[in-house]
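One structure is given below, encoded as structure tokens.
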Amino acid sequence: MRLAGARARTRRERSVELLELLGLGDCLHHRPDQMSGGEQQRAAIAVALTNEPKVLLADEPTGELDSATAAEVFSALQKANVELGVTVLIVTHDPAVSSVVRRVVAIRDGRTSTETHRDTTAGDDGEVVPHAVEYAVLDRAGRLQLPRDMTEALGMRDLVRLEAEPDHIGVWPDRRRRRNRKSQAPQDPQEPW
């Protein structure tokens, strides 16, 4: 903030505001070696927010933390998004994080594979119900990656059967091929197909 030309009073007020927002009001005069790992992560988020960025990039922000501390750090990122209007982009392998954000872009084998959008809807009884829709990403060449948990559950491998319908494309496991393999299977169970 000093390099951006902010006055000392403005810097102090902004620091207090951000530390309070992120639950670190009592750490205003602490050095990093006087803070826990989670407090240090939240202080780093406060530093990143000082000059009011539009986007905050976080690379594995909870990677080195226990689950309770990781939840505190993730809560700080959510506050930055909701209360300050900052778009937060998180790169993580942590499924706990990806299960509670509004949008998840999954990358598999170096390519964008799926995108999940979450929101809430009102149920029949008026209760708020979480709702998620998963989309496969269709690239410029017409390729898409189906989610592994879906293909494995249906035994899809190698080839799948496609069928064009008026309003969608059906994708099925190639059962014919599987039946042919079984009929050609060796009689000795120890011998590979």
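For the numbers below, each heavy atom of this structure counts, side chains included, while hydrogens, waters and symmetry mates do not. If you read the sequence from its start, that first residue is 1, and numbering goes on from there.
- The neighbour count for R108 CZ, taken as heavy atoms of other residues, nucleotides or ligands under 6.0 Å away, is above 12.
- Residues L21 and L84 are in side-chain contact: their nearest non-hydrogen atoms beyond the backbone lie under 4.5 Å apart.
- Of all heavy-atom pairs spanning V47 and T50, the tightest one is O-OG1, 2.9 Å.
- In the displayed structure, H93 atom NE2 is contacted under 6.0 Å by at most 12 heavy atoms of other residues, nucleotides or ligands.
- From R12, atom CZ reaches atom CZ of R7 across 12.5 Å, with rounding to the nearest 0.5 Å.
- You'll find the side chain of I45 reaches within 4.5 Å of the side chain of L56, heavy atoms only.
- Under a cut-off of 6.0 angstrom, the local environment of CD in E127 is sparse, with at most 12 non-hydrogen atoms contributed by other residues, nucleotides or ligands.
- Of all non-hydrogen atoms in L77 and V88, the two that sit nearest each other are O-CG2, 3.6 Å.
- Of all heavy-atom pairs between A48 and P53, the closest is O-CG, 3.4 Å.
- In this structure, Q41 and E64 have side chains that are not in contact, with every pair of non-hydrogen atoms separated by 4.5 Å or more.
- Taking a 6.0 Å sphere around CZ of R11, one finds it holds more than 12 heavy atoms contributed by other residues, nucleotides or ligands.
- When side chains are defined from C-beta on, L65 does not count as touching E72, because their heavy atoms never get closer than 4.5 Å.
- The shortest distance between side-chain heavy atoms of T87 and L89 does not fall below 4.5 Å.
- Rounding to the nearest 0.5 Å places CG of D119 at 13.5 Å from CZ of R103.
- For the residue pair A80 and L49, the shortest heavy atom distance occurs at CB-CD1, 3.8 Å.
- Checked by atom type and distance alone, the side chain of E115 never pairs as donor or acceptor with a backbone atom of V137 at under 3.5 Å.
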**Study point:** Chi angles and distances behind the side-chain contact (heavy atoms from CB on, under 4.5 Å) call for Q145, T114
**Key:** CA-CA 7 Å; Q145 291 186 32; T114 61; 6.0 Å; no

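- The distance from atom CD of E163 to atom CH2 of W172, rounded to the nearest 0.5 Å, is 4.5 Å.
- Heavy atoms only, all atoms of each residue included: A132 and T116 are closest at CB-CG2, 4.2 Å.
- A donor-acceptor contact shorter than 3.5 Å links the side chain of S113 to the backbone of A106.
- Under the 4.5 Å side-chain heavy-atom criterion for grouping Ile, Leu, Val, Met, Phe, Trp and Tyr, L154 is connected to V160 within one hydrophobic cluster.
- V133 and I169 fall into different hydrophobic clusters, where Ile, Leu, Val, Met, Phe, Trp and Tyr are joined by side-chain heavy atoms under 4.5 Å apart, directly or via other members.
- Between the CG atom in L146 and the CD atom in E152 there is a gap of 12.0 Å [rounded to 0.5 Å].
- In this structure the side chain of T69 never reaches within 4.5 angstrom of the side chain of S36, judged on heavy atoms.
- In this structure the side chain of L19 never reaches within 4.5 angstrom of the side chain of C27, judged on heavy atoms.
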Check your understanding: Yes or no on side-chain contact (heavy atoms from CB on, under 4.5 Å) for R118 and V104, after CA distance, side-chain angles and deciding distance?
Key -> CA-CA 9 Å; R118 288 185 176 78; V104 175; 3.6 Å; yes

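- Distance check, rounded to the nearest 0.5 Å: CZ of R14 to CG of N51 gives 8.0 Å.
- Contact of the V86 side chain with the N81 side chain is not registered, since no non-hydrogen atoms from C-beta on lie closer than 4.5 Å.
- Counting non-hydrogen atoms of neighbouring residues, nucleotides and ligands closer than 6.0 angstrom, the CG atom of D124 reaches no more than 12 such neighbours.
- The hydrophobic cluster containing V101 does not contain V91, counting ILVMFWY residues as joined when their side-chain heavy atoms lie under 4.5 angstrom apart, directly or transitively.
- When hydrophobic clusters are built by joining Ile, Leu, Val, Met, Phe, Trp and Tyr residues whose side-chain heavy atoms come closer than 4.5 Å, directly or via intermediates, L24 is not grouped with V73.
- The minimum heavy-atom distance between A141 and D139, with the atom names listed, is N-OD1, 2.9 Å.
- To the nearest 0.5 Å, atom CD of residue Q40 and atom NE2 of residue H30 are 12.0 Å apart.
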